[in-house]
Amino acid sequence: MHADLDRTLLTGDQIASRVVEIGRTLSADLERQIARDGGEADASSIVIIPIMTGAMIFTADLIRQMPLKLSLRVVAVSSYPGQSTQSKGAKLAGEIPSDLAGKHVVIVDDILDSGQTLGLVREVVAGRGPASVRIAVLLRKPGQRRVREVHADYIGFEIPDEFVVGYGLDYDGYYRNLPQIATLKPEVAAGTSGGLSTGAERSEPGA
Ligand code: IMP
Ligand code: MG
């Protein structure tokens with residue numbers, strides 16, 4: 001169907017059942033913590049922070065598995081400009097909400113790779129004085145390229161060190177709408193089919 005795709009790593013059904021499990025565990029953990037805090041913080045103190053744009057689909061499915069009162073505050077981080085499959089470092093593209101004091105924050109991202117994106121967001125969120133911070137990622141790659149050690153509390157799937165697209169993840173802005181997670185053909189991922197972009201970074205966040 002798509003000339004750039006190699007093989008399906010995770011089907012839409014596999015993703016959907018795992019998202020249900022994560023939603024249940026995460027909700028139970030939040031409820032338990034809020035009860036333990038003795039009602040000081042109520043359920044309305046839960047803030048979900050998806051990192052745009054990659055976490056969009058995962059977050060949309062995840063929060064619909066969370067029967068809790070919660071609010072959503074998106075943040076944007078730029079890390080993969082253009083036709084790049086290598087992280088070029090993480091840069092905030094906008095503000096992290098400033099009113100997180102006393103909140104139970106859940107940072108959501110599509111994938112943990114070098115750790116730069118989540119490391120940066122976690123650091124800024126932690127500086128806002130939240131009651132707790134959790135990290136949920138759909139995918140985690142092996143640590144080879146980990147520049148920053150980041151602990152993810154909820155991980156959907158551990159995947160091999162290959163560039164993947166679909167279910168929110170993009171290559172040059174495309175394929176986020178695929179219901180499955182698929183690998184790119186090696187020549188596309190290596191940039192030999194059309195060449196990696198060398199300059200001309202996109203101005204919109206590519207994460
Ligand atoms: P990190 O900062 O290197 O951990 O990268 C995290 C961000 O890079 C994620 O939010 C993704 O947007 C992007 N990313 C990392 N690996 C992939 C991949 O295999 N496919 C698509 N995007 C990726
Ligand atoms: Mg992302």
Side-chain angles (χ1 to χ4, degrees), residues 2 4-10 15 19 22 48-62 73-94 96 106-126 133-191 193-194 196-197 201-207:
H2 297 290
D4 289 346
L5 303 184
D6 189 14
R7 62 181 208 286
T8 296
L9 217 55
L10 297 163
I15 299 169
V19 172
I22 297 175
I48 310 293
I49 300 191
I51 304 177
M52 291 290 109
T53 306
M56 188 169 121
I57 313 281
F58 176 38
T59 307
D61 286 345
L62 182 66
R73 309 290 295 274
V74 305
V75 303
V77 174
S78 183
S79 61
Y80 278 71
Q83 296 174 305
S84 172
T85 59
Q86 295 291 307
S87 180
K88 298 209 170 64
K91 202 166 74 219
L92 280 178
I96 300 264
V106 183
I107 303 168
V108 183
D109 206 0
D110 48 2
I111 187 165
L112 172 57
D113 185 15
S114 75
Q116 294 173 97
T117 304
L118 278 160
L120 174 67
V121 174
R122 193 194 170 103
E123 183 184 304
V124 180
V125 166
V133 184
R134 289 174 171 78
I135 290 181
V137 291
L138 180 71
L139 308 173
R140 186 170 71 170
K141 283 188 185 174
Q144 285 103 309
R145 274 196 308 272
R146 207 88 79 230
V147 173
R148 215 169 156 168
E149 253 338 298
V150 175
H151 173 74
D153 305 272
Y154 309 89
I155 298 165
F157 303 91
E158 305 274 357
I159 61 159
D161 193 11
E162 286 180 81
F163 197 80
V164 293
V165 293
Y167 199 75
L169 293 113
D170 73 304
Y171 173 67
D172 197 22
Y174 295 105
Y175 301 127
R176 294 195 198 273
N177 56 316
L178 294 177
Q180 76 274 28
I181 302 270
T183 59
L184 282 182
K185 287 198 176 129
E187 62 271 25
V188 179
S193 67
L196 290 178
S197 74
E201 297 195 351
R202 288 180 301 166
S203 55
E204 78 272 28

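For ligands, and for the atoms within them, numbers begin at 1 and follow the listed sequence. Every value quoted in this text rests on a predicted model; they were computed, and no experiment measured them.
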| request: Could you label the plane-to-plane angle of the Phe163 and Tyr171 rings as parallel, tilted or perpendicular, counting under 30° as parallel and over 60° as perpendicular? | output: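 The arrangement is perpendicular - the two ring planes meet at more than 60°.
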| Backbone of Ile111 reached by a side-chain donor or acceptor of Arg140 within 3.5 Å |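 Not confirmed, Arg140 side chain does not pair with Ile111 backbone.
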| So, Thr8 side chain and Leu10 main chain: donor-acceptor pair closer than 3.5 Å or not? |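 Not a single qualifying donor-acceptor pair exists.
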| So is Val165 close enough to ligand 1, meaning a heavy atom under 4.0 angstrom away? |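 Judged by the 4.0 Å heavy-atom criterion, Val165 does not count as contacting ligand 1.
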| field | Sub-4.0 Å heavy-atom approach of Ala90 to ligand 1 | value |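 It does not; every heavy atom stays at 4.0 Å or beyond.
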| Under a 4.0 Å heavy-atom limit, does Arg145 contact ligand 1 with its side chain, its backbone, both, or neither? |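 Neither; nothing of Arg145 gets under 4.0 Å from ligand 1.
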| message | Can you tell me which portion of Asp170 lies within the under-4.0 Å heavy-atom range of ligand 1? Options are side chain, backbone, both, or neither. | response |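 Under 4.0 Å from ligand 1, Asp170 contributes backbone atoms alone.
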| message | Any carboxylate oxygen within less than 4.0 angstrom of a Lys/Arg side-chain nitrogen, looking at Arg176 and Asp170? | response |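 Salt bridge flag = yes for Asp170 with Arg176.
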| Have Asp4 and Tyr175 got a donor and an acceptor in their side chains that come within less than 3.5 Å? |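 On atom types as modelled, these side chains qualify, holding a pair under 3.5 Å.
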| request: Scan side-chain atoms only and decide if Asp110 and Tyr167 contain a donor-acceptor pair under the 3.5 Å cut-off. | output: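 Not at all, the side chains of Asp110 and Tyr167 share no donor-acceptor pair under 3.5 Å.
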With heavy atoms of [X] as the reference, note each atom of ligand 1 found under 4.0 Å away.
{"X": "Asp109", "value": "9 (C), 10 (O)"}
{"X": "Ser114", "value": "1 (P), 2 (O), 3 (O), 4 (O)"}
{"X": "Gly115", "value": "1 (P), 3 (O), 4 (O)"}

| Given the rule in the side-chain contact (heavy atoms from CB on, under 4.5 Å) test, do Phe58 and Leu138 qualify, once you have shown the distances and angles that lead to the verdict? | CA-CA 7 Å; Phe58 176 38; Leu138 180 71; 3.9 Å; yes
| Quick one: does Leu112 get an N or O within less than 3.5 Å of an N or O on ligand 1? |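 Min N/O separation from ligand 1 is not below 3.5 Å for Leu112.
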| query | Hey, is ligand 1 close enough to Leu118 that some N/O pair sits below 3.5 Å? | reply |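 No; the residue has no nitrogen or oxygen that sits under 3.5 Å from a nitrogen or oxygen of the ligand.
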